Amino acid sequence: MKDSKYITIEEAVRKGSGEVNLRGWVYRERKSNKFIFIVLRDETDIIQCVIAKNKTPKVFGAAEKLTIESSLKISGKIKEDDRAPTGYEVAVNEIEILQVAEPFPITEHQSPELLYDNRHLWLRSRQLNAILKVRHTIVGAIHQFFRDRGYFEFDAPIFQPSMSEGGSTLFEVKFFDDIVYLSQSWQLYAEAGIFSLGKIYNMGPTFRAEKSKTSRHLAEFWMAEMEAAWMELDEVTEVAKDEIRFIIGEVLNDRRKELEILERDVNLLERYLKADYPTIKYAEALEILNSKYDMDVPWGKDLRTIEEAKIADHFKVPVVVTHYPTEIMGFYKPPSKENPKEALCFDMLAPEEYCEIIGGSERSLLVDDMKMRLKAEGEDPETYNWYFDLRKYGSVPHSGYGLGVERVISWICGLDNIKDAIPFPRTMLRKSP
Ligand code: 4AD
Ligand code: MG
């Protein structure tokens, strides 16, 4: 088999008949006296391979040693077979075993914790393989969305001297003789970048010491952010809606097979692709919750996930909620002129109980107000002097938002837990492997 040309399982199935050379790993195996059935997997798919004792006794003898995840190369004849798990079967006539694997620690019906402990091995599962391919497509779509629209990619430091999203979720890092924090957001630096580049975006690692054990929070995640000079709230919310529809369109174009493996209801994604997404004010959201769902949310309280879920399910498509109470919002979210109690900010809430996937706002131009709010949060406004400079030298209205990449992956794939949207999850309770 030394000089053979190897093709992937997907290519072999496309070929459909004749001789094929494949290489991969044993996904499943079943042995009887006369036949050995191996389901072979590679990066593209799985395929059943059959070894008949009477036809190829030497190959049969070698294959008897094979265990789950053993690595091998095979040559054989492919043909359609309805009984095989993916509709094709290879009759093997040659085999080369690279390694007989030790007993694989992951067997059927394992607890989630064991799967997370063995994440380095579980990445090989069909499920993770499918999710990682959808992730690849979503990440590519985000870059394409912004580049096609004239945004420049702009990078911010990961080591930052201060917070942007509240001090309680900062990770402290020793930085020579000093302390700095891991980035909670690209935003404050992006606000400097727009004065040079106009419209910018980025996707990067983001860190939050979230002391919650929910299925929506990671301690390390990827955020895709944008920031644009001259843009106001009504425009930036439309960019966010277009971005989500673009991402869904790309996944539907390229990842049908993976969505099927994940048993995702594609009809829902088709609906999200074509739908208009409503924009409502926080006050209207309360109105809906209190009148239609018999809830009792007072003005001024942030929406909890249960309330976000009700709002998104009420409309059955992603919903943009704007004008949250200024008092409970970050220092940079500006009070509206008409009613300073409301901030010019928004969240996008995804249906099916996935809730907040995007958060954004116009950016405050009121330096004294921001200083006051920082002080109220226990921050030293001095640390932000460079940021306030941006309001001194040709200040312009500007806006931006951040999209939680794993939140969007979870929603589009229909995952139960955000931990499955990233190869090696980090949470309060998980820092290895
Ligand atoms: O709403 P957030 O905190 O907004 C910001 O950080 C802004 N500075 C972004 C901006 O305007 N440039 O975070 C943005 C999004 C959330 O909507 C959510 O989807 C995601 O980031 N996110 C998380 N995803 C996973 N785990 C966490 N702990 C997350 N925290 C936020
Ligand atoms: Mg938010």
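We count ligands from 1, going down the list as the structure has it; atoms in each ligand are counted the same way. For the single chain, residues carry numbers from 1 onward in sequence order. Values in this document were obtained by computation on a predicted structure and should not be read as measured data.
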Please report the closest heavy-atom contact between P278 and K241, naming both atoms and the distance.
-> C-NZ, 4.2 Å

Do NZ/NE/NH1/NH2 and the carboxylate oxygens of D242 and R149 come within less than 4.0 Å?
-> no

Does R407 use its side chain to pair, donor to acceptor, with the backbone of E356 at less than 3.5 Å?
-> yes

Would you please determine whether S164 falls within less than 4.0 Å of ligand 1 on a heavy-atom basis?
-> no

Looking at E113 and R430, does any basic side-chain N land under 4.0 Å from a carboxylate oxygen?
-> yes

Assess W186 for proximity to ligand 1: is some non-hydrogen atom of it under 4.0 Å away?
-> no

Heavy atom of R216 under 4.0 Å from ligand 1?
-> yes

Below 4.0 Å from any atom of ligand 1, is there a heavy atom belonging to K333?
-> no

Should E260 and R126 count as an ion pair when the cut-off is N to O under 4.0 Å?
-> no

Side-chain ion pair, E352 and R264, N-O less than 4.0 Å = yes

Candidates W411, Y354, F221; heavy atom nearest atom 21 (O) of ligand 1 found on F221

Give the residue and atom name of whichever protein heavy atom lies nearest to atom 28 (N) of ligand 1, and the separation in Å to one decimal.
-> L218 O, 2.9 Å

Identify the protein heavy atom lying closest to atom 6 (O) of ligand 1, giving its residue, its atom name and the separation to 0.1 Å.
-> R208 NH2, 2.8 Å

Name the closest protein heavy atom to atom 12 (N) of ligand 1, giving the residue it belongs to and the distance to 0.1 Å.
-> E225 OE1, 2.7 Å

Heteroatom count (protein N, O or S) under 2.8 Å of the Mg ion (ligand 2) | 1

Salt-bridge test for D369 and R373: reply yes if a basic N is under 4.0 Å from a carboxylate O, no otherwise.
-> yes

Scanning both residues in full, the closest heavy-atom pair of H323 with L233 reads CE1-CD2, 3.9 Å

Can a non-hydrogen atom of R407 be found less than 4.0 Å from any atom of ligand 1?
-> yes

Taking N118 for the side chain and I106 for the main chain, is one N or O donor matched with an acceptor at less than 3.5 Å?
-> no

Which residue owns the protein heavy atom closest to atom 15 (C) of ligand 1, what's the atom, and how far is it?
-> G402 O, 3.6 Å

L98 atom CG, neighbour heavy-atom count above 12 within 6.0 Å = yes

Selected option - heavy-atom contact closest to atom 1 (O) of ligand 1, from E165, E356, M226 | E356

Is it true that a side-chain atom of E89 and a backbone atom of D81 form a donor plus acceptor pair closer than 3.5 Å?
-> no

